[in-house]
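Written below as structure tokens is the structure these notes are about.
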Amino acid sequence: MPDRTKFLKGLEGDDGTGLQLRGLGCSRDTSLMYSDAVLDHFQNPRNVGTLDGATAKISVENPVCGDILELSARMDAGRIAEARFRTRGCVTAVACSSLLTELLRGKTPAEVRAITPEQISETLGGLPPATFHAAQLARDAAQALLAKLK
């Protein structure tokens, strides 16, 4: 697990106050915004890229913030054998996308249907309301992928 303190130290100002979040209606340290799990998936994303021979490829966008998630998957014997993603968005969008590919692997379409934004959020340590949209985007991508697999 990466050391969150070391990562955040690089974001601190000379006076040691830390990066403050502005424009989101809050003023909290970054360490309160991102859990260790979010930072791990952001710094070490799993299954990044495109998938040659994909059974389905989709792209979903959050029209409010502009995050875009491209997802591709390959089915084998009724289960998702492999999944890859490309995301243009915030830290949490990348983390949720990375986690989604892990959640998809080995799942049947019925099991994928059961993935919720709340499950994604909880697995990443509980996303605050300001970043919960990333879990919803990942869930939307999973649903769009299912529609394409039919």
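What you see is a predicted model; the values in this text were computed from it and never measured.
When side chains are defined from C-beta on, Leu145 counts as touching Ile80, because their heavy atoms get closer than 4.5 Å. The side-chain heavy atoms of His41 and Arg46, taken from C-beta on, include a pair separated by under 4.5 Å. You'll find the side chain of Asp36 stays beyond 4.5 Å of the side chain of Asp40, heavy atoms only. A heavy-atom distance below 4.5 Å is found between the side chains of Pro45 and Phe85.
Residues passing the side chain to side chain contact (heavy atoms under 4.5 Å, CB included) test with Asn47, sequence neighbours excluded: Arg84, Thr101, Glu102, Arg105. Listed by chain and number, the residues in a side chain to side chain donor-acceptor pair (under 3.5 Å) with Gln143 amount to none (sequence neighbours excluded). Ala110 pairs by the side chain to side chain contact (heavy atoms under 4.5 Å, CB included) definition with Thr108, Arg113, not counting sequence neighbours. Judged as a side chain to side chain contact (heavy atoms under 4.5 Å, CB included), and not counting sequence neighbours, the contacts of Thr50 are Arg86. In this view, Arg79 and Glu111 satisfy the side chain to side chain donor-acceptor pair (under 3.5 Å) rule, not counting sequence neighbours. Judged as a side chain to side chain contact (heavy atoms under 4.5 Å, CB included), and not counting sequence neighbours, Asp52 has no contacts.
Taking each heavy atom of Ala138 and Leu100 in turn, the nearest pair found is O-CD2, 3.3 Å. Closest non-hydrogen pair, Ala95 versus Val38, comes out as CB-O, 3.6 Å. Closest approach of Gly78 to Pro109, counting heavy atoms only: O-CD, 3.5 Å.
Just one residue in the list Leu71, Leu149, Leu69 forms a side-chain contact (heavy atoms from CB on, under 4.5 Å) with Ile58, and that residue is Leu71.
Within the structure, the side-chain hydrogen bond (donor to acceptor under 3.5 Å, both in side chains) test picks out the following pairs touching residues 58-69 (sequence neighbours left out): Asp67-His133. Counting only residues at least two apart or in different chains, side-chain hydrogen bond (donor to acceptor under 3.5 Å, both in side chains) contacts with residues 116-129 are absent.
Transitive grouping of hydrophobic side chains (ILVMFWY, heavy atoms separated by less than 4.5 Å) keeps Leu99 and Leu51 in distinct clusters. Using a 4.5 Å cut-off between side-chain heavy atoms of Ile, Leu, Val, Met, Phe, Trp and Tyr, with links allowed through other members, Ile68 and Val48 fall into different hydrophobic clusters.
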side-chain contact (heavy atoms from CB on, under 4.5 Å) between Leu127 and Cys96, worked out
CA-CA 10 Å; Leu127 302 177; Cys96 288; 3.8 Å; yes
Leu104 and Ile115: side-chain contact (heavy atoms from CB on, under 4.5 Å), yes or no, with the steps?
CA-CA 9 Å; Leu104 292 174; Ile115 295 173; 4.1 Å; yes
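Between the side chain of Thr92 and the main chain of Ala134, no donor-acceptor pair closer than 3.5 Å is present. Side-chain atoms of Arg74 never come within 3.5 Å of backbone atoms of Ala83 as a donor-acceptor pair (strictly under, hydrogens ignored). One N or O on the side chain of Ser97 and one on the backbone of Ala93 form a donor-acceptor pair closer than 3.5 Å. The backbone N or O of Ala144 sits nowhere less than 3.5 Å from a side-chain atom of Lys148 that would complete a donor-acceptor pair.
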